[in-house]
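Order of the sequence lines sets the chain letters (A, B, ...), proteins ahead of strands, with each chain counted from 1.
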Amino acid sequence: MPGKMSDQSQLPFQDANHDSESKEETIGRVVRVLPDVGGIDRPFDYLVPSSWLADGRDKNLQVGSRVRIPFGPRRVAGWVVEDYVDPPKEVKLRELTKISGMGPSSEMIQIARWVSYRWAGKLSSVLKTASPLRNIDRLPASPPDAVIGAKPPIWAIEALEKPKRVLRMPPNEEILPLIKAAIRTGDALVIVPSIEMSKSLTDDLKRIGIPVSLMPHQWAEATVGGVVVGTRSAVFAPVRKLGAILIFDEHNETLQEERMPTWHAREVAIERARRAEVPCVLISPTPSLEALQWGELQKFPKNHESESWAEVQIIDRREENPSRPGLLSDALVPLIRAKGENPTICILNRKGRSRLLACSHCGELVKCEDHQVPLIQDKDEMLLCTVDGVRQPSLCIRCGSTRFKNLRAGISRLREEIEALARQSTVEITSETKAADVTGCKLFIGTEAALHRFKKASQVIFLDFDQELLARRFRANEQALSLLAQASRLVGPKGSDGKIVIQTRQPDHEVLQAAVNGDPELLSESEKERRRILNLPPFSAQAEISGASAEIFMNSLGKPEGIQIMGPRDGSWLVQAPNSEYLAELLHKTERPSGRLRIQVDPQNI
DNA sequence: CGGACAAGCTGA
DNA sequence: CAGCTTGTCCGG
């Protein structure tokens with residue numbers, strides 16, 4: 001490609017009468033730059049200043065470089081996305097201002113392009129994620145090679161033998177052996193769901209002499225070698241000689257970006273590994289259907305897996321006398337009074353202030369038999385299904401009673417009730433709760449987020465697990481089981497002194513059966529069939545369209561063949577296509593109106 | 001995104 | 001009609 005330019009520079013004559021800005025003028029090296037400016041997603045061409053050729057600065061310029069450019073009346077940052085381009089004749093080029101530092105490799109820019117297409121968002125947002133936090137103009141020295149210790153266990157070696165692997169790893173299994181196995185293939189890229197986990201894993205690896213870079217801060221170190229560890233954005237990290245990609249807790253929703261484009265680290269990892277021709281291992285105690293659909297499942301021996309899940313005690317709230325209403329059953333009292341070595345954590349999800357009804361007589365939960373969602377009572381005392389709006393008389397399907405009670409409770413009053421009942425101080429865990437507030441305290445209440453604030457617990461008590469089981473999201477079952485897997489980690493495997501306690505009116509629910517038996521297949525098999533029948537992901541692809549301009553966008557989208565459109569509900573539409581390729585193509589060719597438009601591809605909470 | 005410029009609104 | 005707000009366009 002550079003040849004084109006030298007042909008022009010060897011033109012024998014310049015017409016002296018021509019305007020100095022004539023197109024016939026000698027053109028040097030031209031690069032295409034994507035400005036790092038929100039609201040712009042189009043590249044512009046710039047000349048590399050001829051003075052850079054003289055002092056050798058041009059040598060540092062390549063695809064991916066971070067540069068500064070004059071842009072209209074101001075100067076902005078940008079990325080070189082193409083080199084030695086043939087600019088359109090009619091534009092007058094301006095010169096690059098300077099090279100700010102290193103940026104993503106050209107391979108990474110290709111992946112970023114794919115991401116911006118797949119999730120219908122701006123390339124510049126993806127490139128920002130793939131770039132170092134601060135300008136980097138020189139790289140540190142390469143780390144020494146990792147000391148390859150004893151042979152890792154067979155299961156870890158096997159996990160890396162297939163290009164597309166789903167490893168169903170029991171909740172209390174160690175992850176280090178897998179990383180030790182992975183570094184035999186080259187530099188491993190390891191994605192974990194939380195910052196805390198990325199820090200502790202980095203420390204663990206350092207301790208055993210494995211060179212490791214923690215993203216996003218150690219971008220430069222990652223470039224020169226060793227294991228690379230980080231949360232979802234690290235899936236775009238530079239890796240010297242990529243050997244394998246490991247995604248821990250592949251089911252976790254924190255692996256999806258919440259800003260546009262709403263890319264998922266699991267899917268990006270799969271694509272990156274495919275392009276680099278290295279194995280990708282998706283690891284989870286409760287693999288997502290997306291993962292199971294994609295790769296080859298590897299399990300642990302049944303007994304081993306089952307024993308790794310915690311002991312589960314179920315409190316069937318249908319069976320107790322109705323004298324103690326609310327969330328605190330009689331059976332709970334001795335449990336919250338017990339003083340274990342580690343804390344007891346009570347979990348109650350306040351999100352989605354659902355009006356949950358239960359029969360006053362038998363305690364059965366009032367739900368729609370067709371859609372498995374809670375029914376609500378309307379003004380005429382009829383039971384209303386919130387999915388299809390079908391009404392039915394207020395009758396309990398179990399005992400025929402016509403009286404129902406409301407099961408809601410506020411969390412601060414609940415904390416007081418628990419404190420009184422437990423006869424020990426109880427602390428509510430919120431995002432503001434500091435470590436200092438909890439010293440000496442052994443009893444806590446919080447939302448499911450509290451599960452990530454502790455390393456160990458003697459008991460995790462789900463005060464109202466039906467809220468999880470009946471949540472109106474199609475992934476509710478998967479999410480509910482993953483909560484129990486997380487709780488299993490806190491309280492330890494069967495045989496340790498910790499346990500999970502679950503208050504429910506649906507003790508036979510398949511999520512609970514899966515947890516009690518330590519066998520996620522008891523859920524995943526039926527869940528897969530349900531999703532297939534209802535044509536939900538992974539058997540289809542969805543996008544949620546919202547924002548002020550959503551209606552205009554939906555109008556120009558029209559009603560294409562094979563596309564299902566639902567809504568509007570609260571100003572947002574759901575577009576469902578047979579697969580993500582089809583969906584991406586559709587969103588791409590639909591004209592974007594000006595104004596606020598949010599396109600959430602693969603929405604999690606539908 | 002943010003500056004430039006145009007078109008629309010207000011008050012004397 | 002100056003002085004200000006709101007809208008639309010454009011950047012190499």
Under a 4.0 Å heavy-atom cut-off, which of residues 115-135 of chain A touch DNA chain B? none

Per the salt bridge (Lys or Arg N to Asp or Glu O under 4.0 Å) rule, what does the pair list look like for residues 590-606 of chain A, sequence neighbours excluded? Arg118(A)-Asp602(A)

Show me, pair by pair, the donor-acceptor contacts under 3.5 angstrom made by side chains of residues 96-105 of chain A, not counting sequence neighbours?
{"residue": "Ser105(A)", "atom": "OG", "partner": "Glu107(A)", "partner atom": "OE1", "Å": "3.4"}
{"residue": "Ser105(A)", "atom": "OG", "partner": "Met108(A)", "partner atom": "N", "Å": "3.1"}

Inter- and intrachain pairs under ring pair (Phe, Tyr, Trp, His ring centres under 6.0 Å), touching residues 33-54 of chain A, at least two apart: Phe44(A)-Phe71(A)

Taking the side chain from Thr254(A) and the backbone from Pro193(A), do they hold a donor-acceptor pair closer than 3.5 Å? yes

Counting any heavy atom closer than 4.0 Å, what does Pro88(A) reach on the DNA or RNA strands: base, sugar-phosphate only, or nothing? base

According to the side-chain hydrogen bond (donor to acceptor under 3.5 Å, both in side chains) rule, which pairs have a member within residues 271-281 of chain A, sequence neighbours left out? Glu271(A)-Arg274(A), Glu271(A)-Arg275(A)

Show me the pairs that pass salt bridge (Lys or Arg N to Asp or Glu O under 4.0 Å) and involve residues 119-136 of chain A, at least two apart or across chains. Asp36(A)-Lys128(A)

Shorter than 3.5 Å, N or O on both sides, protein versus nucleotides 6-9 of chain C: list them out with atom names.
none

Which residues satisfy the ring-ring contact (aromatic ring centres under 6.0 Å, His included) test with Trp114(A), sequence neighbours excluded? Trp119(A)

Taking only residues at least two apart or on different chains, which pairs with a member in residues 226-260 of chain A satisfy ring pair (Phe, Tyr, Trp, His ring centres under 6.0 Å)? Phe236(A)-Trp263(A)

Can you pull out every salt bridge (Lys or Arg N to Asp or Glu O under 4.0 Å) where at least one residue sits in residues 538-564 of chain A? Sequence neighbours excluded, please. none

Pairs in or reaching into residues 211-238 of chain A: which pass salt bridge (Lys or Arg N to Asp or Glu O under 4.0 Å), with residues at least two apart or in two chains? Arg232(A)-Glu257(A), Arg232(A)-Glu258(A)

In this structure, how many angstroms lie between the P atom of dG12(C) and the CZ atom of Arg75(A), rounded? 13 Å

Rounded to whole Å, CD of Glu82(A) lies from C1' of dG12(C) at a distance of 14 Å

Sugar-phosphate atoms are those with a prime plus P, OP1 and OP2; base atoms are the rest. Using that split, label each nucleotide of nucleotides 1-8 of chain B B, S or - for protein heavy atoms under 4.0 Å, 5' to 3'. BSS-----

